[in-house]
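All values below were derived from every heavy atom in this structure, side-chain atoms included, with hydrogens, water molecules and symmetry-related copies excluded. All residue numbers in this chain count up from 1 along the given sequence.
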Amino acid sequence: ERFGFRSSFVRLEDLTPFFAPLPESRLLTSWFALEPRGDLRGVDLLLERNADARIDYAVTSEFAGLGLATFEGAPGFTGITGQVRADSRTGRLELASTRATLDWQALFRGVLDVPELRGTVVWRTGQDAVRVVSDDLLVVTPAASLRSNLELTLPMDGSSPELDLRTSISGFDMAAVPTYVPARKMPTGVVRWLDDALRGGRALGAEVVFIGPVRAFPFDAGEGEFRATVRLADLKLGFVRDWPPAEDLDGTVEFINASFAGSGSGRVLGLSTEDVRVGIADLRTGEFTLATTT
């Protein structure tokens, strides 16, 4: 049994009224909840039901202004532009988006603007997993630009996805950091501390590495590694409320799994020092330490 569809232009919003009279189903419920929107051009779709009831497909299309609402914890987005060519075994997605947004309520406190999103994502279905690869994914935000190489393995048995992610981040103002931290997954006390502590300064650049099973983060049993290294200049840090902030801090901050540590030079309690060290052994408890020599 085969079904084919071709069209030079489809507006996703226009499809919803045609589905309304159909019997209620999980697929229809998801469609209405996701509120698909955007334009498709050069659509070529083929569906084929095999003897074992498995459905194979092949699809080619360009798309512009593609958007989905948040649904069941999955992120929503708007403004995605590019083209896709895929079938039941492999696929290639080329992104060339401007003025996109990301609404990931399970992680972030607000909608994130993404003025530019470019790169190629390729995936292949194997016998026991789907492998997703991107060698140069560019994400530009109002605060910074990120270039990432990633490999994501999605096991078919429902076990944890495995992620190998390596990201370089351009310079950015430290005041922007609270907007982009995954606050919904962090202890409330740590989020409050970050909101109050980061009072100025600039990051000269950052490197992020995440290797391991996603569900095992923060890797208490050594299952993987998360490491983020940030080079800082002129940081103003309010490390304890109602105390004078540390100022003119230059150095390096490193997040390793669930810990945080930093070292460098600056002024603490009005005294200049070439050796100041700060840290939080476990971000889930938020116990902050500071040591300095003069």
Side-chain angles (χ1 to χ4, degrees), residues 63 66-68 74-86 90-108 110-124 129-155 160-174 176-186 202-219 223-232 252-258 260:
F63 49 88
L66 193 67
L68 295 175
F77 55 84
T78 65
I80 303 299
T81 297
Q83 56 185 334
V84 64
R85 180 182 297 272
T90 64
R92 181 181 181 89
L93 173 67
E94 297 184 8
L95 296 168
S97 304
T98 58
R99 300 178 63 184
T101 67
L102 174 66
D103 184 7
W104 200 342
Q105 298 176 9
L107 286 184
F108 305 109
V111 178
L112 303 182
D113 291 326
V114 185
E116 186 176 358
L117 173 61
R118 298 186 182 276
T120 300
V121 181
V122 178
W123 65 92
R124 180 179 297 275
V130 178
R131 182 170 173 259
V132 183
V133 176
S134 180
D135 291 331
D136 189 13
L137 188 65
L138 171 65
V139 180
V140 178
T141 75
S145 61
L146 301 82
R147 288 191 176 275
S148 298
N149 296 330
L150 68 87
E151 180 176 332
L152 177 65
T153 302
L154 303 168
S160 177
E162 294 273 347
L163 177 62
D164 186 331
L165 171 69
R166 302 166 194 271
T167 297
S168 297
I169 306 174
S170 68
F172 54 91
D173 290 332
M174 292 302 294
V177 170
T179 300
Y180 297 95
V181 298
R184 304 292 189 193
K185 293 293 186 180
M186 297 171 64
R202 183 163 179 79
L204 304 178
E207 304 290 332
V208 178
V209 173
F210 186 111
I211 303 173
V214 174
R215 295 177 192 165
F217 179 78
F219 309 130
E223 305 93 334
E225 178 186 26
F226 169 75
R227 183 182 298 268
T229 304
V230 186
R231 302 179 301 280
L232 301 172
T252 301
V253 167
E254 195 166 46
F255 296 84
I256 302 176
N257 297 340
F260 152 79

#### Entry: CZ-CG distance between Arg227 and Asn257, expressed to the nearest 0.5 angstrom
8.0 Å
### Message
Under a 3.5 Å cutoff, is there a donor and acceptor pairing between the side chains of Thr78 and Thr101?
### Response
yes
### Message
To the nearest 0.5 Å, what is the distance between OG on Ser170 and CG on Leu146?
### Response
7.0 Å
### Message
Does any part of the side chain of Arg92, heavy atoms only, come nearer than 4.5 Å to the side chain of Glu94, both counted from C-beta?
### Response
yes
### Task
Start with the C-alpha gap between Phe217 and Phe226, add the side-chain angles, then the distance that decides, and say whether ring pair (Phe, Tyr, Trp, His ring centres under 6.0 Å) holds.
CA-CA 8 Å; Phe217 179 78; Phe226 169 75; 5.6 Å; yes
### Query
Do the ring planes of Phe255 and Phe260 sit parallel (below 30°), tilted (30 to 60°) or perpendicular (above 60°)?
tilted
### Query
Tell me, do Pro213 and Pro161 make a side-chain contact under 4.5 Å, heavy atoms counted?
no
### Query
What is the minimum heavy-atom distance between Ala206 and Val230, and which atoms define it?
CB-CG2, 4.0 Å
### Message
For a side chain to side chain contact (heavy atoms under 4.5 Å, CB included) check, start with the C-alpha distance between Arg202 and Met174, then their side-chain angles and the critical distance, and finish with the verdict.
### Response
CA-CA 5 Å; Arg202 183 163 179 79; Met174 292 302 294; 5.6 Å; no
### Summary
Taken in chain and number order and not counting sequence neighbours, the residues that satisfy side-chain contact (heavy atoms from CB on, under 4.5 Å) with Ala143 are Thr141, Ala176, Tyr180
### Query
Would the number of heavy atoms belonging to other residues, nucleotides or ligands and lying under 6.0 Å from CZ of Arg118 be above 12?
yes
### Task
Taking atom CH2 of Trp104 as the centre, report whether more than 12 heavy atoms of other residues, nucleotides or ligands fall under 6.0 Å from it.
no
#### Entry: Validation row: Leu93, Trp123 side chains within 4.5 angstrom (heavy atoms)
yes
### Task
Decide yes or no on side chain to side chain contact (heavy atoms under 4.5 Å, CB included) for Asp103 and Phe77, but give the supporting numbers first.
CA-CA 6 Å; Asp103 184 7; Phe77 55 84; over 6 Å; no
### Task
Determine yes or no for a side-chain-to-main-chain donor-acceptor pair under 3.5 angstrom, with Ser134 supplying the side chain and Thr120 the backbone.
yes
### Task
Assess whether side chain to side chain contact (heavy atoms under 4.5 Å, CB included) is satisfied between Ile211 and Arg166, documenting all intermediate values.
CA-CA 9 Å; Ile211 303 173; Arg166 302 166 194 271; 3.2 Å; yes
### Query
Checking side-chain contact (heavy atoms from CB on, under 4.5 Å) against Leu95, which of Val139, Leu137, Leu138, Thr81 comes through?
Leu137
### Message
Measuring only between side-chain heavy atoms, which start at C-beta, is Ser145 closer than 4.5 Å to Ile169?
### Response
no
#### Entry: Shortest non-hydrogen separation from Ala106 to Arg184 and the atoms involved
O-CB, 3.0 Å
### Task
Verify whether one side chain among Glu116 and Thr98 offers a donor that lies under 3.5 Å from an acceptor in the other.
no
### Query
With sequence neighbours excluded, what pairs up with Thr229 under the side chain to side chain donor-acceptor pair (under 3.5 Å) test?
Glu254
### Query
Between Ala144 and Gly171, what is the shortest heavy-atom contact and its length?
CB-O, 4.0 Å
### Query
Could you go step by step and tell me if Val133 and Val121 meet the side chain to side chain contact (heavy atoms under 4.5 Å, CB included) rule?
CA-CA 6 Å; Val133 176; Val121 181; over 6 Å; no
### Message
Give me the atom names and distance for the closest heavy-atom approach of Leu112 to Thr179.
### Response
CD2-O, 3.7 Å
### Task
Over all heavy atoms of both residues, which pair between Ser168 and Glu207 is shortest? Give the atoms and the distance, please.
OG-OE1, 2.8 Å
### Task
Taking all heavy atoms of Ala129 and all of Pro155, pick out the closest pair and write down the distance.
CB-CA, 3.9 Å
### Point-to-point distance, once rounded to the nearest 0.5 Å, from OG1 of Thr167 to CZ of Phe210
11.5 Å
### Task
Mind checking side chain to side chain donor-acceptor pair (under 3.5 Å) for Arg99 and listing every partner two or more places apart, or none if nothing turns up?
none
### Query
Looking at CD of Glu225 and CG of Asp164, how far apart are the two atoms once the value is rounded to the nearest 0.5 Å?
10.5 Å
### Message
When you compare the side chain of Leu117 with that of Ile80, does any pair of heavy atoms fall below 4.5 Å?
### Response
yes
